[in-house]
Novice: 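This is the structure, below, for whatever I ask next.
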Protein chains: 2
Amino acid sequence: MTSPLNPAQLRAYFALTEAANLLQFAVQQQLRADGDLSYVQFDILATLADATRPLTMTDLADGVVYSRSGLTHQAALLEKAALIVRRPSPADHRATVVDITDAGRARLAEVLPGHVDVVREMLYEPLSDQDVDTFDDITGRIRDHMRAKPPRSAVSRRPETDEG
Amino acid sequence: MTSPLNPAQLRAYFALTEAANLLQFAVQQQLRADGDLSYVQFDILATLADATRPLTMTDLADGVVYSRSGLTHQAALLEKAALIVRRPSPADHRATVVDITDAGRARLAEVLPGHVDVVREMLYEPLSDQDVDTFDDITGRIRDHMRAKPPRSAVSRRPETDEG
DNA sequence: TATTGTTATACTCTATAACTATA
DNA sequence: TATAGTTATAGAGTATAACAATA
């Protein structure tokens, strides 16, 4: 247990971290410049645009790994900007259904081309089609593994409280 | 220009984004739980511990892609916790040299095993040695490409100011 | 004049806890 | 009693601009 990472693991971890940070930074700049959206706001709009059924606040919070209060805050901002609408769910009167508006879809359309450009230029320019397939396979397996493994479990290696 | 991403590119981008977010979230939790450090603070300490020569605030800010004021803030926190020391540079009286303390190295040592565990469990458990080599190669090329390509250039596709 | 670093300040993001209302 | 969502609030992180000191 706690054996060190081998050199290739270490290198790849650092490269991944740095690349992901640089990409995220560039994407955030682009979304802000082209559509005055934070990444989370973009994610919410994109999720709503893709959804085949109406989504509730809880549905959205699950997708974004977000506290509900944080989502309420972001939804309030998006609603103030007229990009989404919230209405009480007819099925469950406790729930709130969130819809993307035409303005929301328009904003998404404004932002998407630049988003794709950034991803292609930064992430895919140095990769061949063969590389992309390999990268797709590996990242897919990593993501599936992370989804399956509850991230919290690996975290706290300290006893919660011994005293008291 | 602005041709869409192909399916494999799109899948890999989503997988990468989700995996990187989950990994970052877990790492942040671990660093906070095991050593009461934010990721940026950990990054600063690790950079100082690895450095072969004394680093200035500007050296550090360059490595972390950080505003100088933000770095000053984080350095003040780390210094208050006695994990680093700042002193005027003898060579350039404008500059501040930052040193990691014994306590800083000790804190790093407390945190590193758990950090490595999280990375191995989340990132490398589903990969063979062969996969790791491939992954190392591809992520390394991506990072080098991103470093070479100034991230800002791809960002603003709006004219700065036409009026005034 | 340009550069290093700090300070003052303000804004955004996020989370916790308390709360309302429905189920 | 449990769940959906909001509100109030507080804390952390980051950035901009103004500033002081030095090159």
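Heavy atoms only: backbone and side chains are in, while hydrogens, waters and symmetry mates are out. Convention: sequence-line order gives letters A, B, ...; per-chain numbering from 1.
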Novice: Once you round it to whole Å, what is the distance between P of D/dA12 and CZ of B/Phe42?
Specialist: 21 Å

Novice: With nearest nucleotides of DNA chain C determined for A/Gly70 and A/Asp92 from heavy-atom distances, which residue corresponds to the more 5′ nucleotide?
Specialist: A/Gly70

Novice: Which class fits the ring pair A/Phe135 and A/Tyr124: parallel under 30°, tilted 30 to 60°, perpendicular over 60°?
Specialist: perpendicular

Novice: What's the NE2-C1' distance between B/His93 and C/dT6, to the nearest Å?
Specialist: 18 Å

Novice: With the side chain of B/Gln74 defined as its heavy atoms from C-beta on, choose the nearest nucleotide among C/dT6, C/dT3, D/dG13.
Specialist: D/dG13

Novice: Compare all side-chain heavy atoms of A/Met146 with those of B/Glu18 and state whether any distance is below 4.5 angstrom.
Specialist: no

Novice: Contact class for B/Thr72 vs. all strands (heavy atom < 4.0 Å): base, sugar-phosphate, or nothing?
Specialist: base

Novice: Give, for atom CG of A/Asp34 and atom CD of A/Glu110, the distance between the pair rounded to the nearest 0.5 Å.
Specialist: 8.5 Å

Novice: Counting only side-chain N and O atoms of B/Ser89, is one of them less than 4.0 Å from OP1 or OP2 of C/dT4?
Specialist: no

Novice: To the closest 0.5 Å, what do you measure between OH (A/Tyr39) and OG1 (B/Thr17)?
Specialist: 4.5 Å

Novice: Send over the distance from B/Arg87 CZ to C/dT4 P, rounded to a whole Å.
Specialist: 18 Å

Novice: If you compare every side-chain N and O of B/Arg32 against the phosphate oxygens of D/dG13 (OP1, OP2), does one of them come in below 4.0 Å?
Specialist: yes

Novice: Between C/dC13 atom P and B/Gln24 atom CD, what is the distance in whole Å?
Specialist: 16 Å

Novice: Between B/Thr56 and C/dT4, is there a side-chain N or O to OP1/OP2 distance below 4.0 Å?
Specialist: no

Novice: Could you give the CD-to-C1' distance, from B/Gln28 to D/dA12, as a whole number of Å?
Specialist: 12 Å

Novice: Counting only distance, no hydrogens or angles, is the base of D/dA15 paired donor-acceptor with the side chain of B/Ser69 under 3.5 Å?
Specialist: yes

Novice: Do other residues, nucleotides or ligands put more than 12 heavy atoms under 6.0 Å from A/Asp129 CG?
Specialist: no

Novice: From the list D/dA23, C/dT6, D/dG13, which nucleotide is the closest neighbour of the side chain of B/Arg86?
Specialist: C/dT6

Novice: Side chain of B/Gln41, heavy atoms from C-beta onward: which of C/dA15, C/dC13, D/dG13 has the nearest atom to it?
Specialist: D/dG13

Novice: Select base, sugar-phosphate, or nothing to describe what A/Thr58 touches, counting heavy atoms under 4.0 Å on all strands.
Specialist: sugar-phosphate

Novice: Could you state the CE-C1' distance from A/Met57 to D/dT7, rounded to the nearest angstrom?
Specialist: 13 Å

Novice: Toward the 5' end of DNA chain D, which comes first, A/Thr96 or B/Tyr39, by nearest nucleotide?
Specialist: A/Thr96

Novice: Does a side-chain heavy-atom distance below 4.5 Å link A/Leu23 with B/Ile142?
Specialist: no

Novice: Closest to the A/Arg94 side chain: C/dA15, C/dC13, C/dT22?
Specialist: C/dT22

Novice: Counting only side-chain heavy atoms from C-beta out, which of C/dG5, C/dT22, C/dC13 sits nearest to B/Ala95?
Specialist: C/dG5

Novice: Nearest-Å distance, CZ (A/Arg68) to P (C/dA21)?
Specialist: 16 Å

Novice: Measure CG/B/Leu71 against P/D/dT16 and give the value in whole Å, please.
Specialist: 15 Å

